[in-house]
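Comments concern the structure below.
Computed from a prediction, not measured in an experiment: that's the story for all the values here. Any value given below was found using the heavy atoms of this structure, including those in side chains, with hydrogens, waters and symmetry copies removed. Numbers here are sequence positions counted from 1.
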Amino acid sequence: MHLASAVELRGVSFGYPGGAEVLRDADLRVGTGEFVAIAGPNGGGKTTLLRLVLGLESPTSGTVLLHGERADRFSQRSRLGYLAQRAQLRLDAPVTVREVVAAGRLPAGPFLGRLRAEDRRHIGEAIERVGLADRADMELRRLSGGQQQRALIAKALASEPSLLALDEPTTGVDAESQEALGELLSHLNAELGVTILYVSHEFGAVEQHVKRIVLVRGGIVFDGAPGELPGVWHDPSHVHA
């Protein structure tokens with residue numbers, strides 16, 4: 001069965017002004033509802049690829065499409081759930097899990113002050129889906145690293161995204177929590193049919209849950225099943241099961 005495209009890259013290259021080319025001649029198609037790991041060494045271009053997919057950068061050449069529209073002009077931004085690298089997030093503010101997740105409803109529709117009943121329902125469902133219902137009113141900073149990641153995933157889910165993109169989500173998370181995160185994402189993919197792009201230099205947490213790994217190193221050098229990943233590829237910054 002041929003799935004409709006959620007993401008398409010056609011001959012995409014990208015470089016910063018005055019800098020070296022980060023990504024060159026990349027072709028990629030991700031079908032709606034796929035769970036794909038995007039791996040590669042640090043500096044290999046995988047985060048750049050993700051930013052291009054999300055329309056946060058525009059390609060130097062080539063075309064990036066989201067659900068058939070140009071990614072940098074995508075008309076339904078609320079359908080995109082994005083978990084940025086932990087280094088870019090402030091997790092020390094005195095806000096509760098519920099308040100963090102509530103912020104995820106902002107793209108879904110305008111509301112000022114009081115939440116609508118529909119918003120509260122989606123917030124509660126998102127918190128429950130990630131297993132934090134009993135910690136909904138705890139401050140985020142009081143949770144473990146793995147629980148914080150779950151809360152941030154719930155924030156992304158609250159907007160009812162068609163695409164969930166996670167950039168290095170296991171940074172600073174212990175091995176047990178990484179395994180739990182992989183199982184959670186697999187469950188969300190199966191239950192909600194959301195397309196998931198999991199970007200990391202280490203993919204052990206999701207290796208048993210994904211059918212496809214895309215390896216990025218200046219371009220796309222591999223795209224296939226985890227078991228088919230060439231054994232000749234080794235990098236000090238890369239770890240997998």
Side-chain angles (χ1 to χ4, degrees), residues 6-7 9 12 14 16 22-23 28 30 35-59 64 66 71-72 74 76-108 123 126-127 129-130 132 139-141 143-174 177-178 180-182 184-185 188-189 194-203 205-206 210 214 216 237-238:
V7 173
L9 277 70
V12 170
F14 178 83
Y16 294 99
V22 180
L23 198 67
L28 177 67
V30 177
F35 183 1
V36 178
I38 300 175
N42 292 330
K46 58 189 183 298
T47 291
T48 296
L49 186 149
L50 185 64
R51 290 180 62 81
L52 288 164
V53 166
L54 295 172
L56 302 176
E57 303 283 0
S58 298
V64 185
L66 265 176
D72 56 356
F74 189 54
Q76 302 179 64
R77 307 301 298 180
S78 66
R79 298 181 67 191
L80 307 180
Y82 177 38
L83 182 58
Q85 293 186 35
R86 287 175 65 88
Q88 300 173 359
L89 299 169
R90 289 190 58 82
L91 301 176
D92 56 352
V95 293
T96 66
V97 170
R98 194 183 306 277
E99 289 168 338
V100 168
V101 178
R105 287 299 296 169
L106 285 170
I123 291 164
I127 293 172
R129 280 196 172 101
V130 301
L132 291 178
E139 289 186 359
L140 185 69
R141 62 185 179 180
L143 303 183
S144 68
Q147 290 169 340
Q148 288 179 351
Q149 290 296 68
R150 284 173 172 262
L152 294 171
I153 290 172
K155 177 188 173 189
L157 291 176
S159 65
E160 304 171 88
S162 63
L163 174 70
L164 179 60
L166 305 98
D167 193 2
E168 301 286 0
T170 57
T171 300
V173 177
D174 62 64
S177 295
Q178 289 185 30
L181 176 63
L184 169 63
L185 293 174
L188 293 174
N189 174 249
V194 61
T195 307
I196 299 178
L197 301 181
Y198 181 99
V199 177
S200 182
H201 68 279
E202 53 183 20
F203 54 88
V206 298
V210 299
V214 175
V216 182
S237 68
H238 174 80

Report yes if some heavy atom in the side chain of [X] is under 4.5 Å from a heavy atom in the side chain of [Y]; otherwise report no.
X    : Y    : value
T47  : Q85  : yes
V12  : L49  : no
F203 : V210 : no
L9   : V53  : yes
I196 : V206 : no
V214 : L28  : yes
D167 : Y82  : yes

(message) Between Q149 and L83, is the side-chain contact (heavy atoms from CB on, under 4.5 Å) condition met? List the steps.
(response) CA-CA 9 Å; Q149 290 296 68; L83 182 58; 4.1 Å; yes
Testing the basics here: between [X] and [Y], what is the closest heavy-atom pair and its distance to 0.1 Å?
X    : Y    : value
P169 : Y198 : CG-CE1, 3.3 Å
P161 : A156 : CD-O, 3.3 Å
D72  : S58  : OD2-OG, 2.9 Å
V101 : A151 : CG2-O, 3.8 Å
V22  : G45  : CG1-CA, 3.9 Å
S159 : G104 : CB-O, 3.2 Å

(message) Once side-chain hydrogen bond (donor to acceptor under 3.5 Å, both in side chains) is applied, do any residues pair with D174, and if so which ones, sequence neighbours excluded?
(response)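 Here the qualifying residues are S177.
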(message) According to side-chain hydrogen bond (donor to acceptor under 3.5 Å, both in side chains), who are the partners of T48, at least two apart in sequence or on a separate chain?
(response)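 Result, side-chain hydrogen bond (donor to acceptor under 3.5 Å, both in side chains) vs T48: none returned.
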(message) Checking V7 against L66 for the side-chain contact (heavy atoms from CB on, under 4.5 Å) test, could you report, in this order, the C-alpha distance in whole Å, the side-chain angles of both residues, the deciding distance, and whether it holds?
(response) CA-CA 5 Å; V7 173; L66 265 176; 4.0 Å; yes
So how far is it from [X] [atom1] to [Y] [atom2], rounded to the nearest 0.5 Å?
X    : Y    : atom1 : atom2 : result
L166 : L50  : CG    : CG    : 8.5 Å
L163 : Q76  : CG    : CD    : 12.5 Å
L164 : N189 : CG    : CG    : 9.5 Å
T171 : Q178 : OG1   : CD    : 8.5 Å

(message) Using the salt bridge (Lys or Arg N to Asp or Glu O under 4.0 Å) criterion, which residues pair with E99? Sequence neighbours excluded.
(response)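 Counting only residues at least two positions away or on another chain, E99 forms no salt bridge (Lys or Arg N to Asp or Glu O under 4.0 Å).
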(message) Using the side-chain contact (heavy atoms from CB on, under 4.5 Å) criterion, which residues pair with Q147? Sequence neighbours excluded.
(response)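 Q147 satisfies side-chain contact (heavy atoms from CB on, under 4.5 Å) with L132, R135, L143, S144 once adjacent residues are dropped.
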(request) Identify, with sequence neighbours excluded, every residue that meets side-chain contact (heavy atoms from CB on, under 4.5 Å) alongside K46. (result)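 K46: side-chain contact (heavy atoms from CB on, under 4.5 Å) contacts with I38, N42, E168, V199, H201, V216.
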(message) I'd like to know if the side chain of R51 and the backbone of E57 have a donor-acceptor N/O pair within less than 3.5 Å.
(response)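 Not a single qualifying donor-acceptor pair exists.
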(request) Examine distances only and state if a side-chain atom of R129 and a backbone atom of A154 form a donor-acceptor pair shorter than 3.5 Å. (result)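 The answer is no, because no donor-acceptor pair under 3.5 Å joins these two groups.
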(message) Going by ring-ring contact (aromatic ring centres under 6.0 Å, His included), name the residues that satisfy it together with F35, two or more places apart in sequence or in a different chain.
(response)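 Counting only residues at least two positions away or on another chain, F35 forms no ring-ring contact (aromatic ring centres under 6.0 Å, His included).
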(message) For a side-chain contact (heavy atoms from CB on, under 4.5 Å) check, start with the C-alpha distance between V173 and L181, then their side-chain angles and the critical distance, and finish with the verdict.
(response) CA-CA 10 Å; V173 177; L181 176 63; 6.0 Å; no
